[in-house]
Protein chains: 2
Amino acid sequence: MTTKTRILETALRQFNEIGTDQATVRSIAEEVGISHGNLCYHYRNTDALIEALYDELIREIDEQVFQIQPPDIDMASTVRSAGITFRLLYKYRFLMLDLVRITRRIGSLREKFRELMRLRRLQFRQGFQALISKGLMREEWAPGFYDHLTTNMLVLGDNWIPNAEIHFDEKGDVVVQYYLEAFLSLLVPYLTEKGLAEYRLVVAGANVGRREGGRG
Amino acid sequence: MTTKTRILETALRQFNEIGTDQATVRSIAEEVGISHGNLCYHYRNTDALIEALYDELIREIDEQVFQIQPPDIDMASTVRSAGITFRLLYKYRFLMLDLVRITRRIGSLREKFRELMRLRRLQFRQGFQALISKGLMREEWAPGFYDHLTTNMLVLGDNWIPNAEIHFDEKGDVVVQYYLEAFLSLLVPYLTEKGLAEYRLVVAGANVGRREGGRG
DNA sequence: ATAATTTTAGAACAAATGTACTAAATCTTT
DNA sequence: AAAGATTTAGTACATTTGTTCTAAAATTAT
């Protein structure tokens with residue numbers, strides 16, 4: 001395995017575990033087993049490492065998620081996309097744990113993130129439209145309502161990780177699953193009966209979302 | 001005004017504006033117009049300042065929000081509490097912007113935050129119960145569903161600020177209002193007709209939440 | 001094989017920062 | 001007014017970290 005790759009892997013681990021402030025070119029170099037001078041030859045500083053890892057994340061998301069386009073969207077693909085994204089974000093969780101500081105320091109990353117956010121907002125919109133046109137999701141109750149929903153889903157999608165870091169002791173898949181379920185439950189009130197049926201089939205451990213009781 | 005107060009005020013401003021990493025005992029002392037030696041006499045280091053400001057936040061929340069107990073809970077008090085909390089969090093937003101790093105570094109604060117989270121979760125539960133018993137909110141569709149709702153509201157309640165910081169250019173009340181509305185909209189699907197009517201009265205600019213269209 | 005290029009280790013430097021210390025100044029109390 | 005306590009300014013030190021530089025080693029190309 002190339003030195004560059006080993007550096008990136010170790011940097012990712014250290015960033016995730018001790019944060020971008022505690023991980024230094026020296027600490028990473030030490031773990032890789034090279035001199036920090038050498039590390040700086042490959043990556044000028046920690047910011048360069050962060051940018052490289054961010055690009056990796058985007059590449060992986062592009063590869064695995066952004067392929068799915070409106071015609072293919074159904075409940076299963078929606079749930080699957082969310083799951084993949086959640087797991088990828090978790091893999092690169094240091095980015096989410098430190099987003100404010102990182103985007104404050106690295107202006108170019110801030111712009112990239114904002115661009116990504118705009119893109120994802122659009123995709124949510126299109127996704128909702130697709131689900132609606134397939135009779136899986138209900139028409140918008142009132143103008144702007146699905147914008148709120150989108151905002152909430154975007155905020156949650158970006159920020160469940162910091163929350164988990166602070167308030168959870170567990171790590172890994174348990175955590176991802178916990179927040180993923182909560183996240184998906186946001187959709188439930190807006191699904192049609194048909195959508196809900198599909199949703200129940202798709203979401204594992206699905207005692208989530210039975211709705212027979214309710215209605216005023 | 002006492003030196004200690006002036007220090008706290010300036011620290012709050014600098015933390016909010018440039019972050020807890022860029023603000024140093026020296027930069028704060030300089031703005032206050034005292035020597036950094038003097039500042040360290042009052043507050044040993046920036047961590048001490050952070051803790052003091054956190055205690056302030058908790059004091060203000062206790063004072064303004066935690067007074068309201070279940071018997072008094074209705075739609076108006078719920079919306080009001082949310083608004084007050086959102087504005088207080090925004091006042092001390094550096095805490096939310098840097099929560100992970102802060103709680104990683106200051107163990108005692110981490111415990112305090114987790115305790116606060118547990119308390120708030122309980123309060124949400126009780127609030128929901130109160131709203132249900134008053135016929136404003138519907139019974140839980142399925143067991144665990146309102147837990148998801150609580151999780152989502154807690155995550156959003158803590159993390160809209162980092163989101164705003166990164167993706168918004170505006171500052172202040174505009175931002176608070178934007179996220180507050182989105183946050184409150186989470187409740188809407190679970191309100192009874194009566195609850196929805198009260199909600200519409202209470203929430204300003206309320207074209208939010210009209211529901212006549214929907215249902216399957 | 002030899003030259004050129006890339007990679008590596010290690011030293012050195014500068015800047016920033018928390019922390020401690022000293023002595024002067026100011027305020028309280030008696 | 002005098003003694004004691006508190007507050008303040010300024011200095012000094014140790015540590016950390018990013019960054020640069022040099023020269024050696026390893027690799028690649030010719």
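No hydrogens, no waters, no symmetry mates; every other heavy atom, side chains included, goes into these values. Remember, it's a predicted structure, so these values are computed and weren't measured experimentally. Throughout, a chain's letter reflects where its sequence line sits, starting with A, and its residues are numbered from 1.
Applying the 4.0 Å criterion to OP1 and OP2 of dT8(D), one finds that Y41(B) has every side-chain N and O outside that range.
At distances below 3.5 Å, not a single donor-acceptor pair connects side-chain atoms of Q14(B) with backbone N or O atoms of G19(B). With hydrogens and angles ignored, the 3.5 Å screen pairs no side-chain donor or acceptor of R13(B) with any backbone N or O of T10(B). Judged by distance alone, with hydrogens and angles left aside, the side-chain atoms of N159(A) form no donor-acceptor pair with the main-chain N or O of N163(B) at under 3.5 Å.
With salt bridges taken as basic N to acidic carboxylate O contacts below 4.0 Å, one links R59(A) and E63(A). Note on D98(A) versus R104(A): no salt bridge recorded, every NZ/NE/NH1/NH2 to OD/OE distance being 4.0 Å or above. A salt bridge is absent between D21(A) and R101(A); no separation between the charged side-chain nitrogens and carboxylate oxygens falls under 4.0 Å.
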Do nucleotides 19-24 of chain D as a string where each nucleotide becomes B, S or -: B if the base has a protein heavy atom under 4.0 Å, S if just the sugar-phosphate does, - if no protein is that close.
BS----
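Taking atom CG of residue D47(A) and atom P of nucleotide dG18(D), one finds them 9 Å apart after rounding to whole Å. Separating the NE2 atom of H42(B) from the C1' atom of dT6(D) is a distance of 9 Å, rounded to the nearest angstrom. One can place CD1 of I7(B) at 10 Å from P of dA9(D), the figure rounded to the nearest angstrom. For the pair E30(A) CD and dT16(D) C1', the computed distance is 14 Å after rounding to whole Å. Look at CG on L49(A): it is 10 Å from P on dG18(D), rounded to the nearest Å. Look at CD1 on I106(A): it is 12 Å from P on dG18(D), rounded to the nearest Å. Note: CG (D21(B)) to C1' (dT16(D)) measures 15 Å, nearest angstrom.
For DNA chain C, the contact window with chain A, defined by any atom under 4.0 Å from a protein heavy atom, covers dT6(C) to dA12(C) in 5' to 3' order.
With Y43(A) as the aromatic partner, K4(A) meets the cation-pi criteria of under 6.0 angstrom to the ring centre and within 45 degrees of the ring axis.
Shown here are the salt bridge (charged side-chain N to carboxylate O under 4.0 Å, His left out) partners of E17(A), two or more places apart in sequence or in another chain: there are none.
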Let's go through T78(B) and S81(B) carefully: what are the C-alpha distance in whole Å and the side-chain angles of both, what is the deciding distance for side chain to side chain donor-acceptor pair (under 3.5 Å) to 0.1 Å, and is it a yes or a no?
CA-CA 5 Å; T78(B) 303; S81(B) 293; over 6 Å; no
